[in-house]
S.K.: 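Sending over a structure as structure tokens; questions will come in a sec.
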Amino acid sequence: MSAQKTEKKAVETSALKSFLSGGFGGMSLVAAGYPFDLAKVRMQTSSEYKSALECLTRTIKADGVLGLYRGMFAPLAGATPVFALCFWGYNLGQKIAVKFSGNGENSTLTTGQILFAGGFSAVPTTILMTPMERIKCLLQVSGQGGVSYKGPTDAAKYIYRTAGFRGFYTGTVLTLLRDVPGSVAYFGCYELVKKALIPEGTPKEKISTLAIVVAGGLAGVANWAVAITAPQGKYAGMRDVFVDLVRNEGPKALFKGIGPAMLRAFPANAACFLGVELSLRAMNSIW
Ligand SMILES: CC(=O)O[C@H](CC(=O)[O-])C[N+](C)(C)C
């Protein structure tokens with residue numbers, strides 16, 4: 001058995017399989033992470049819970065386990081294509097990196113190539129994610145002293161009416177500034193931790209679930225450690241966001257929401273990578 005088998009090869013996964021497994025990963029991410037999102041929103045909008053755990057247990061007591069998944073359809077419909085594009089973009093980024101390096105398709109990816117591919121994955125993802133985040137932000141501030149929206153379609157019509165097609169892409173630079181470094185950390189951490197955890201020579205299909213879960217969970221934490229969330233939609237430009245936030249709320253405001261994001265990051269992304277790897281294995285075994 002050759003040690004090369006554990007190394008990440010450049011073009012071993014097709015674009016279609018990357019896309020489909022990414023979509024499956026996105027669904028797994030929402031299934032594991034949605035209860036934490038629900039707890040975050042409930043804690044932000046009510047002071048009756050002291051901790052996320054209390055919020056989760058009280059929700060289960062009142063509405064059963066299914067209560068943790070109330071309202072999950074929209075995030076599921078959003079995350080599935082976003083993660084499909086993200087993993088497809090990661091695969092394409094690897095192929096581009098290898099092409100430019102001049103090494104053969106069968107070569108092992110260097111750390112630099114993995115990091116490049118990770119950052120590249122944020123580009124197609126952003127094209128889809130920016131309009132979705134724009135609509136989400138409008139819905140989150142709906143009725144709070146400004147315009148009220150009946151739902152996503154209403155918010156989308158408002159954007160188009162007031163700013164045209166370009167209005168959907170307000171905040172693109174901010175999304176890229178968050179997601180390019182975030183994705184470099186995400187995929188870089190995943191590949192490096194996975195490589196460190198598995199014994200040399202382990203065939204791909206024998207990589208342990210624990211290694212995938214630990215590497216995936218840490219990748220999610222690494223992503224959020226570098227991706228500082230900025231409140232898009234309220235500001236004319238990127239400079240405005242930083243000046244306004246730091247002046248009014250201090251530098252700490254730049255890290256607002258990082259606690260709940262981290263709490264969700266490990267389980268959600270462990271599930272995501274597990275979904276990706278297991279669906280890839282299933283696809284590889286049938287075609
Ligand atoms: C901001 C975001 O969507 O992060 C993803 C992980 C998560 O916790 O949702 C990772 N990625 C940006 C690579 C899609």
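All residue numbers in this chain count up from 1 along the given sequence. Every number for a ligand or one of its atoms is a count from 1 in the order of the listing.
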S.K.: If we only consider heavy atoms of N269, is any one of them less than 4.0 Å away from an atom in ligand 1?
M.R.: yes

S.K.: Which atoms from ligand 1 have a heavy atom of F83 less than 4.0 Å away?
M.R.: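 Within the 4.0 Å cut-off of F83, ligand 1 contributes 5 (C), 9 (O), 14 (C).
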
S.K.: Check this for me: does any side-chain nitrogen of one of E200 and K195 sit under 4.0 Å from a carboxylate oxygen of the other?
M.R.: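 The answer is no: the pair does not qualify as a salt bridge.
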
S.K.: Run the ring-centre check on Y160 versus F165 and record whether the distance is less than 6.0 Å.
M.R.: no

S.K.: So for ligand 1, is R178 a polar contact partner (N or O within less than 3.5 Å, distance only)?
M.R.: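 N/O-N/O distance below 3.5 Å does not exist for this pair.
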
S.K.: How about F273 and Y190: are their ring centres within less than 6.0 Å of each other?
M.R.: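 Between F273 and Y190, the centre distance is under 6.0 Å.
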
S.K.: Enumerate the atoms of ligand 1 whose separation from the nearest heavy atom of D179 is less than 4.0 angstrom.
M.R.: 1 (C)

S.K.: List the closest protein heavy-atom neighbour of atom 9 (O) of ligand 1: residue, atom name, distance to the nearest 0.1 Å.
M.R.: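 Among all protein heavy atoms, the one nearest atom 9 (O) of ligand 1 is R264 NH2, 3.0 Å.
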
S.K.: Which ligand 1 atoms does S183 reach within 4.0 Å, using its non-hydrogen atoms?
M.R.: 12 (C), 13 (C)

S.K.: Looking only at protein heavy atoms, identify the closest one to atom 3 (O) of ligand 1 and say how far it is in Å.
M.R.: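 Result for atom 3 (O) of ligand 1: M129 CE, 4.2 Å.
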
S.K.: Does the side chain of K17 come under 3.5 Å of the side chain of N284 through a donor N or O and an acceptor N or O?
M.R.: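 K17 vs N284: donor-acceptor pair found between side chains.
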
S.K.: Among all the protein's non-hydrogen atoms, which is closest to atom 4 (O) of ligand 1, and how far away is it?
M.R.: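 Going atom by atom, the protein heavy atom closest to atom 4 (O) of ligand 1 ends up being N223 ND2, 3.1 Å.
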
S.K.: Note the single closest protein heavy atom to atom 13 (C) of ligand 1, along with its residue, its atom name and the distance in Å.
M.R.: Y186 CD2, 3.4 Å

S.K.: Contact between A265 and ligand 1, counting heavy atoms under 4.0 Å?
M.R.: no

S.K.: Would you say the side-chain atoms of N223 pair up with the backbone N or O of A185, donor to acceptor, closer than 3.5 Å?
M.R.: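 No, the answer is negative, given that no donor and acceptor are paired below the 3.5 Å cut-off.
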
S.K.: Could E277 and R281 be called an ion pair, given the rule that one side-chain N must be under 4.0 Å from one carboxylate O?
M.R.: no

S.K.: Applying the salt bridge (charged side-chain N to carboxylate O under 4.0 Å, His left out) criterion to D37, which one of R70, K136, R264 satisfies it?
M.R.: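 The residue from R70, K136, R264 that satisfies salt bridge (charged side-chain N to carboxylate O under 4.0 Å, His left out) with D37 turns out to be R264.
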
